[in-house]
Amino acid sequence: MSTQQYDAVIVGSGPNGLSAGIVLAQVGLSVLVLEAKQTIGGGARTEQVTLPGFHHDICSAIHPMSVVSPFLRTLPLADFGLEWAYSPAAIAHPLDDGTAATLELSHDATAARLGEDATAYRDLMKPFASKAGMLFDEILKPILPLPPPRHPFLLAHFGLLGLQSATRLAKRFKTKHARALLAGAAAHSFLPLERIGSASFGLALILAGHATGWPAAKGGSISIINAMARMLEQLGGEIRTHHEVRSLRDVPSSRFVFFDVTPRQLARIAGDALPSGYMKKLRAFRYGPGVCKIDLALDGPIPWKSAECARSATVHVGGTLEEIAAHEHAVFNGRMTEKPFVLVAQQSMFDATRAPEGKHTGWAYCHVPHGWDGDATEWIEQQIERFAPGFRDRILARHTIRASQYEQHNPNMIGGDIGGGANVMKQFLARPFPKLDPYSTPNPRIFLCSSSTPPGGGVHAMCGYWAAKSALKRL
Ligand SMILES: Cc1cc2nc3c(=O)[nH]c(=O)nc-3n(C[C@H](O)[C@H](O)[C@H](O)COP(=O)(O)OP(=O)(O)OC[C@H]3O[C@@H](n4cnc5c(N)ncnc54)[C@H](O)[C@@H]3O)c2cc1C
């Protein structure tokens with residue numbers, strides 16, 4: 001008989017903590033999830049932070065990576081209350097002339113709106129069009145350990161395109177619309193757009209849009225978490241909130257401990273349970289730029305100049321590729337600009353549960369230097385006003401979180417970094433650092449399962465999935 005209280009304790013109830021718990025509970029292991037905060041969910045929480053009746057996604061809002069996730073796709077989360085709210089277009093990207101590029105569900109429909117870039121766009125996307133499921137199976141996993149890829153040619157084709165910089169890939173387009181569409185998607189990487197590898201983020205997000213759209217969760221991102229938590233509990237798992245783990249003494253006895261935290265936190269918590277060489281590598285882990293984020297209660301929809309912007313839950317605001325590239329370059333190098341690239345979500349346009357009748361929610365953030373303590377609210381609002389005159393008159397209330405404040409909301413968002421670490425090539429290919437099994441540690445009890453492991457940031461829950469699989473190999 002085991003003398004342990006649990007087979008596995010998981011520290012942190014973000015999407016990756018919960019997915020690790022579900023995988024382990026599915027094979028009959030006893031699981032306890034410990035969460036420092038009063039509520040579960042990490043980067044997928046929804047709260048009423050402006051006015052009563054306005055439900056705001058404090059962190060993640062739009063979830064293409066959840067619907068393409070090879071693990072989440074297998075879970076019956078609809079039976080646990082999860083519903084997706086889709087907008088007709090995945091992304092709208094307005095320009096100063098009052099027009100907008102849009103990412104439509106099909107690559108053909110998107111190409112058809114791109115004028116003289118129609119053929120170039122179709123040629124770029126077509127090889128992946130009917131193979132998106134296979135592609136996401138390949139890229140949402142660690143490069144190592146083996147097994148080798150099941151679709152090596154598809155992966156190689158994606159790799160050759162994706163390893164380019166976004167600015168280089170955009171050279172195959174002539175129109176500012178096609179170039180801006182790619183730039184906006186690639187900027188999710190938090191990398192300068194002239195850096196190699198930045199194209200892969202843009203391509204993957206665009207392909208996810210063509211495969212499934214870019215939905216939000218009905219009722220808020222917390223609905224994803226609530227569905228995962230209910231499923232875990234039905235499998236016998238326990239969740240305990242308001243239980244911060246400061247050292248391993250705060251963890252009940254268990255065979256395994258999974259940490260849904262970033263390397264710096266793991267180093268602090270694990271102390272001498274990990275050897276000094278490994279700790280040194282954890283401490284050398286590089287964090288990325290931060291975000292400054294606003295949540296808005298609005299008196300009506302955002303009055304976009306281009307009607308196309310009302311067809312999409314996500315609007316990329318920042319103008320041309322050159323403008324976006326200039327901002328991302330500055331931020332990565334520690335400087336803020338007054339014309340940021342702003343990611344806007346207008347979930348209430350496609351989900352009536354988010355705001356009182358006739359009212360709307362607005363969600364917007366821009367990238368800022370790591371740990372920046374400034375307030376970018378004014379610049380974010382100016383950029384939206386640029387493409388939606390009269391927008392500011394519709395603001396009833398606002399709530400801002402600066403990069404320097406994000407850690408108070410979620411200790412994983414160090415310096416406002418929402419991606420679990422910088423996506424520089426070394427950490428993009430292997431995170432937290434090159435290692436045959438990135439989830440295991442030299443201590444056979446301790447595993448890392450957060451977005452600081454492959455395949456990185458986003459609510460796809462694959463880091464937790466692969467970490468749990470790594471531990472199960474030991475049983
Ligand atoms: C503003 C913003 C916008 C975003 N937009 C999107 C988006 O639209 N789509 C998307 O897919 N992703 C988005 N993300 C990223 C996404 O939220 C993260 O990639 C994802 O939540 C990472 O999941 P995780 O499980 O690794 O960690 P987290 O979600 O960060 O969860 C970690 C959990 O561990 C807890 N914890 C930490 N330390 C301890 C401790 N010592 N003891 C106990 N508990 C602890 C934390 O409180 C937290 O609940 C966004 C994030 C932010 C902040």
Side-chain angles (χ1 to χ4, degrees), residues 9-21 32-45 56-69 72 188 190 205 208 214-217 221-222 224-225 228-229 239-248 250-251 257-262 264-266 268-270 288 290-295 313-314 343-345 347 363-368 400-403 405-414 416-421 423 431 448-465 467:
V9 172
I10 293 164
V11 179
S13 67
N16 286 313
L18 293 177
S19 62
L32 170 69
V33 177
L34 298 174
E35 168 56 51
K37 300 290 174 185
Q38 305 269 16
T39 55
I40 59 170
R45 292 190 179 104
H56 301 285
D57 292 326
I58 307 302
C59 300
S60 74
I62 303 292
H63 294 106
M65 299 323 284
S66 305
V67 279
V68 300
S69 161
L72 292 181
H188 285 252
F190 283 79
L205 286 169
W214 277 29
S221 302
I222 192 65
I224 306 170
I225 294 300
M228 292 179 79
I239 300 175
R240 206 176 289 164
T241 55
H242 214 216
H243 187 119
E244 184 182 354
V245 171
R246 292 196 180 91
S247 79
L248 285 172
D250 300 325
V251 178
V257 192
F258 288 79
F259 283 93
D260 187 11
V261 306
T262 74
R264 193 180 298 173
Q265 296 151 275
L266 176 60
R268 199 166 51 225
I269 295 167
V291 302
C292 179
K293 155 100 191 305
I294 58 173
D295 284 301
T314 301
L343 299 93
V344 178
Q347 302 93 316
W363 172 106
Y365 74 86
C366 68
H367 301 163
V368 304
T400 301
I401 311 186
R402 301 171 189 212
Q405 295 169 331
Y406 251 108
E407 270 173 79
Q408 290 161 29
H409 172 74
N410 179 346
N412 283 29
M413 311 233 157
I414 291 181
D417 176 352
I418 68 173
N423 288 315
R431 55 206 282 140
L448 189 60
C449 71
S450 72
S451 60
S452 303
T453 60
V459 180
H460 42 63
M462 293 308 296
C463 313
Y465 169 86

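We count ligands from 1, going down the list as the structure has it; atoms in each ligand are counted the same way.
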Subject >> Verdict with supporting geometry, L343 and T314, side-chain contact (heavy atoms from CB on, under 4.5 Å) >> reply: CA-CA 7 Å; L343 299 93; T314 301; 5.9 Å; no
Original post:
Can I414 and E407 be said to form a side-chain contact (heavy atoms from CB on, under 4.5 Å), step by step?
Top reply: CA-CA 6 Å; I414 291 181; E407 270 173 79; 4.1 Å; yes
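Checked against salt bridge (Lys or Arg N to Asp or Glu O under 4.0 Å), D57 has the following partners two or more places apart in sequence or in another chain: R354.
Each of V245, V11, I10 was evaluated against V257; a single residue qualifies, V11, per the side-chain contact (heavy atoms from CB on, under 4.5 Å) test. Paired with Y365 under the rule side-chain contact (heavy atoms from CB on, under 4.5 Å), one option of I294, I418, T400 passes, and it is I418.
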Identify the protein atoms, limited to N or O, that lie within less than 3.5 Å of an N or O atom of ligand 1, and list each pair with its distance to 0.1 Å.
{"residue": "ligand 1", "atom": "8 (O)", "partner": "A61", "partner atom": "N", "Å": "3.1"}
{"residue": "ligand 1", "atom": "8 (O)", "partner": "I62", "partner atom": "N", "Å": "3.1"}
{"residue": "ligand 1", "atom": "8 (O)", "partner": "I62", "partner atom": "O", "Å": "3.2"}
{"residue": "ligand 1", "atom": "9 (N)", "partner": "I62", "partner atom": "O", "Å": "2.8"}
{"residue": "ligand 1", "atom": "11 (O)", "partner": "V459", "partner atom": "N", "Å": "2.8"}
{"residue": "ligand 1", "atom": "17 (O)", "partner": "G43", "partner atom": "O", "Å": "3.0"}
{"residue": "ligand 1", "atom": "19 (O)", "partner": "G458", "partner atom": "N", "Å": "2.7"}
{"residue": "ligand 1", "atom": "25 (O)", "partner": "P15", "partner atom": "N", "Å": "3.3"}
{"residue": "ligand 1", "atom": "25 (O)", "partner": "N16", "partner atom": "N", "Å": "2.9"}
{"residue": "ligand 1", "atom": "25 (O)", "partner": "D260", "partner atom": "OD1", "Å": "3.0"}
{"residue": "ligand 1", "atom": "25 (O)", "partner": "D260", "partner atom": "OD2", "Å": "2.9"}
{"residue": "ligand 1", "atom": "26 (O)", "partner": "N16", "partner atom": "ND2", "Å": "2.8"}
{"residue": "ligand 1", "atom": "26 (O)", "partner": "D260", "partner atom": "OD1", "Å": "3.1"}
{"residue": "ligand 1", "atom": "26 (O)", "partner": "S451", "partner atom": "N", "Å": "2.9"}
{"residue": "ligand 1", "atom": "27 (O)", "partner": "D260", "partner atom": "OD1", "Å": "3.4"}
{"residue": "ligand 1", "atom": "29 (O)", "partner": "G43", "partner atom": "N", "Å": "2.8"}
{"residue": "ligand 1", "atom": "30 (O)", "partner": "N410", "partner atom": "ND2", "Å": "2.8"}
{"residue": "ligand 1", "atom": "41 (N)", "partner": "V245", "partner atom": "O", "Å": "2.9"}
{"residue": "ligand 1", "atom": "42 (N)", "partner": "V245", "partner atom": "N", "Å": "3.0"}
{"residue": "ligand 1", "atom": "44 (N)", "partner": "A36", "partner atom": "N", "Å": "3.1"}
{"residue": "ligand 1", "atom": "47 (O)", "partner": "E35", "partner atom": "OE2", "Å": "2.7"}
{"residue": "ligand 1", "atom": "49 (O)", "partner": "E35", "partner atom": "OE1", "Å": "2.6"}
{"residue": "ligand 1", "atom": "49 (O)", "partner": "E35", "partner atom": "OE2", "Å": "3.2"}
{"residue": "ligand 1", "atom": "49 (O)", "partner": "G42", "partner atom": "N", "Å": "3.2"}
{"residue": "ligand 1", "atom": "49 (O)", "partner": "R45", "partner atom": "NH2", "Å": "3.4"}

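Classification of E35 and R45 as a salt-bridged pair holds, one side-chain N sitting under 4.0 Å from a carboxylate O.
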